[in-house]
Peer 1: 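Pasting a structure below so you can have a look.
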Amino acid sequence: MRARVPPLVLVLVGLVLTIGLGNAWLGGGAPTAPWWAYLFLLLLAVAMLAMAGAVAIDPRPLVLRRALAGSALVWLITLTGLLLLTANAGRLDPDVPVLLVLVALDGFALVGLAATTGNVTDDGTDPLGRLGAVVAFAVAILMAAGAAVVAASVARAVWRAITRGDPLDRLPWGLVVVVLILPLATFGIASLASHRAARGTFFAQATANRRNSLLLLVTLVGVVAATAEIIAITLTRDPVPALWAAGAAVLIGLGAAAAADRFGSAVILESAGAKPADERRDAVLVDVVRELSIAANVPMPKTYIIEDGSQNAFATGRDPQHAALAVTRGLLERMDREELQGVIGHELGHVRNLDTRYALYVAVLVGLVAIVTDGFLRIIIEGWKRGVFFWKGDDKSALATLAKGLLVGLFLLIVAALLRVFAPLFSVLVQAATSREREFLADATSVEFTRNPRALERALASLAGDHDTLDTANRGTQHLWFRNPVREGSDRRASLLSTHPSLAARIDRLRALQGLDPLDPRAAERPAAET
């Protein structure tokens, strides 16, 4: 019963805020703020009311409790700000007592949620980690409400243009800025959460992994939208076409993600040259996949062989029920059963942690950004070749018109070239930064399945002697593989854009699990037989 008191208090706060804001917005007095401000606050109030009601019914779901705490934190800051603004107005306002009571109730409920969470959930994170999760949810709630207001603003402007003939150019430039900032904000939140979770337990890392997948999907779709928006701004210098372009790009990006969710696995397997494993010839592989699937408590994925001499493997699929796992012939022939168990456990870790679903989205959206920016650059270059920017005027203004056309063409060329470099670079940075932490987590998950950290350590050491790159791999899918299949030596010298940690770093994590000292850096560069 004690655990239900804080959410019940927030139900009361949310109800008061919803009724008050709804009454003010619908004409219960002279409006003191723009309509979109009332809508924004009303959405925040309704969200807190709904979550508080759910937690009051069942206080055990940890994610829901953190989301409710994040919403309460948002309102604590908002109500305190409104109270300070009202007090600074220098007049006695009848709303001040109400605001004081709401601030007190909200703060009491927030402290109560923090005090009772450990009693009703299995939250294994430290206090600072809990605070970080609550702040992340608070920012996500603010962004969700802001996105809804942006959508409502666009819809309202379009409706007024149709029914009243109002010009669409009244849409504010601020909406354009929001689209540009959104991917940076979500990427920053996900990066901070991943960094914090990396120091925590396996449970904390897996939880952060799943939460960040949504944030990073928003990041990549935001990169697609921002890229289209920049192109439209460059061509038109008008916010309206830019917002339409961003909206269309979001739909295309979400459609591409949905297509990847449904058909991505088949495309990736086909592009890698994967063939179904033979039950007799590849009996060891099939047996290992079957036994570790039982240990992982996931359905046995479809198993494939890639006829290539390099040592590598990958898993793909939108969920454990539709997963597939592929192993190269080189890895199967050179590794013993224990080492193979370590690698397969790693890939099944990706399946259980739902990394494979996010990896499908990344593969498609990173490629989409590259296609869009490359296409824009090609169009501008083709325009120069065809003389599109060699504008002509009358005799008096011929030189000025020509100079103007050349300047416009040069400006478009510079923007297209910068986009071609930096938009895919940022999307690849997202791909790389998140993949590295997921690789560490999958290594730890493999140890959980096999109970044998030494097996995976030996498998990683074996890879140090393999200098063969995979012919069928490409940069769009490099994050899927057990090791980077494209760049030789990248596993030994990880960089900012590396999709995988170095072999030495991965081995050191495994040795730490066994209470051993870090590996001699030179050992990761020797073949497995020497280690």
Side-chain angles (χ1 to χ4, degrees), residues 124 198 200-206 209 277 282-301 303 305 310-315 320 323 325-356 436-466 481-483 491-492 500-521 523-531:
T201 63
F202 295 161
F203 174 79
Q205 292 182 50
N209 218 5
D282 308 312
V284 174
L285 172 63
V286 174
D287 287 345
V288 168
V289 173
R290 182 178 291 113
E291 67 186 30
L292 286 177
S293 298
I294 295 172
N297 195 26
V298 297
M300 179 179 173
T303 307
I305 292 290
S310 66
Q311 298 184 70
N312 223 323
F314 74 87
L325 190 150
V327 175
T328 61
R329 181 67 64 186
L331 184 141
L332 193 59
E333 290 178 346
R334 297 185 209 175
M335 290 193 177
D336 60 31
R337 186 184 179 92
E338 282 195 347
E339 292 170 345
L340 182 61
Q341 286 176 332
V343 174
I344 298 303
H346 172 101
E347 297 305 330
L348 287 176
H350 282 311
V351 171
R352 196 188 70 172
N353 296 334
L354 298 181
D355 292 340
T356 52
R436 290 195 292 272
E437 287 303 326
R438 290 165 195 266
E439 292 303 316
F440 282 130
L441 179 58
D443 284 346
T445 307
S446 175
V447 175
E448 177 191 342
F449 297 158
T450 64
R451 307 295 180 184
N452 186 4
R454 179 61 183 160
L456 183 55
E457 181 184 341
R458 289 197 295 113
L460 290 168
S462 175
L463 295 179
D466 180 21
W481 296 82
F482 182 73
R483 64 178 300 193
D491 287 344
R492 287 177 282 279
H500 292 67
S502 67
L503 292 173
R506 294 172 70 176
I507 290 173
D508 284 344
R509 288 270 185 116
L510 293 172
R511 292 178 68 85
L513 292 176
Q514 306 170 70
L516 302 176
D517 293 331
L519 184 71
D520 183 346
E525 299 178 3
R526 297 197 298 268
E530 299 178 18
T531 59

Peer 1: Any heavy-atom pair between the side chains of Met300 and Val286 that's under 4.5 Å?
Peer 2: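 Yes. Closest side-chain heavy atoms under 4.5 Å.
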Peer 1: Keeping Ser293 on the side-chain end and Val289 on the backbone end, is there a donor-acceptor pair under 3.5 Å?
Peer 2: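 Yes, Ser293 side chain to Val289 backbone: donor-acceptor pair under 3.5 Å.
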Peer 1: Atom NE2 in His346, atom CG in Leu456: separation rounded to 0.5 Å?
Peer 2: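 Between atom NE2 of His346 and atom CG of Leu456 there are 8.0 Å.
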Peer 1: Restricting to non-hydrogen atoms, name the atom on Gly342 and the atom on Ser446 that form the minimum distance, rounded to 0.1 Å.
Peer 2: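 Scanning both residues, the minimum pair turns out to be O-OG, 2.7 Å.
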Peer 1: Less than 4.5 Å apart, any side-chain heavy atom of Ile305 and any of Leu285?
Peer 2: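 Side-chain contact under 4.5 Å: yes.
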Peer 1: Flag the pair Arg290 and Asp287 as a salt bridge only when some basic side-chain nitrogen lies within less than 4.0 angstrom of an acidic carboxylate oxygen.
Peer 2: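 Answer for the salt bridge query: yes.
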Peer 1: Might you point out which heavy atoms bring Ala296 and Phe449 nearest each other, and give the distance in Å?
Peer 2: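 Of all heavy-atom pairs spanning Ala296 and Phe449, the closest is CB-CZ, 3.3 Å.
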Peer 1: Below 4.5 Å, heavy atoms only, C-beta onward: do Pro301 and Leu348 meet side chain to side chain?
Peer 2: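 Of all side-chain heavy-atom pairs linking Leu348 with Pro301, at least one is under 4.5 Å.
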Peer 1: Which atom pair, heavy atoms only, marks the closest approach of Ala315 to Val351?
Peer 2: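 Smallest interatomic distance, heavy atoms only, reads CB-CG2, 3.8 Å.
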Peer 1: So, for Ala459 and Val343, which heavy atoms are closest and what is the spacing to 0.1 Å?
Peer 2: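 For Ala459 and Val343, the tightest heavy-atom pair comes out as CB-CG2, 3.9 Å.
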Peer 1: Using side-chain heavy atoms (C-beta onward) and a distance below 4.5 Å, is Asp282 in contact with Val327?
Peer 2: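 Side-chain contact under 4.5 Å: no.
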Peer 1: Using 0.5 Å steps for rounding, measure from the CZ atom of Arg506 to the CD atom of Glu439.
Peer 2: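 If we round to the nearest 0.5 Å, Arg506:CZ and Glu439:CD are 5.0 Å apart.
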Peer 1: Can you tell me how far apart CD (Glu448) and CG (Asp443) are? Round to the nearest 0.5 Å.
Peer 2: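 The CG atom of Asp443 is 13.0 Å from CD of Glu448, to the nearest 0.5 Å.
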Peer 1: So how far is it from Arg454 CZ to Leu510 CG, rounded to the nearest 0.5 Å?
Peer 2: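 With rounding to 0.5 Å, CZ (Arg454) is 10.5 Å from CG (Leu510).
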Peer 1: Please answer whether the main-chain N or O of Arg458 pairs with a side-chain N or O of Ser462 as donor and acceptor at a distance below 3.5 Å.
Peer 2: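 Flag not set: sc Ser462 to bb Arg458 has no pair under 3.5 Å.
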Peer 1: Flag the pair Gln311 / Glu339 as yes when at least one side-chain heavy-atom distance between them is below 4.5 Å, and no otherwise.
Peer 2: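 No, side chains not in contact.
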Peer 1: Looking at Asn312 and Phe482, would you say the former's side chain and the latter's main chain have a donor-acceptor pair under 3.5 Å?
Peer 2: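 It does hold such a pair.
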Peer 1: If we ignore hydrogens and angles and just use 3.5 Å, is the side chain of Glu347 paired with the main-chain N or O of Ile344 as donor and acceptor?
Peer 2: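 Side chain of Glu347 to backbone of Ile344: no pair is present.
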Peer 1: I need the minimum non-hydrogen distance between Leu292 and Gln341, along with the two atoms involved.
Peer 2: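 Looks like CD1-O, 3.3 Å.
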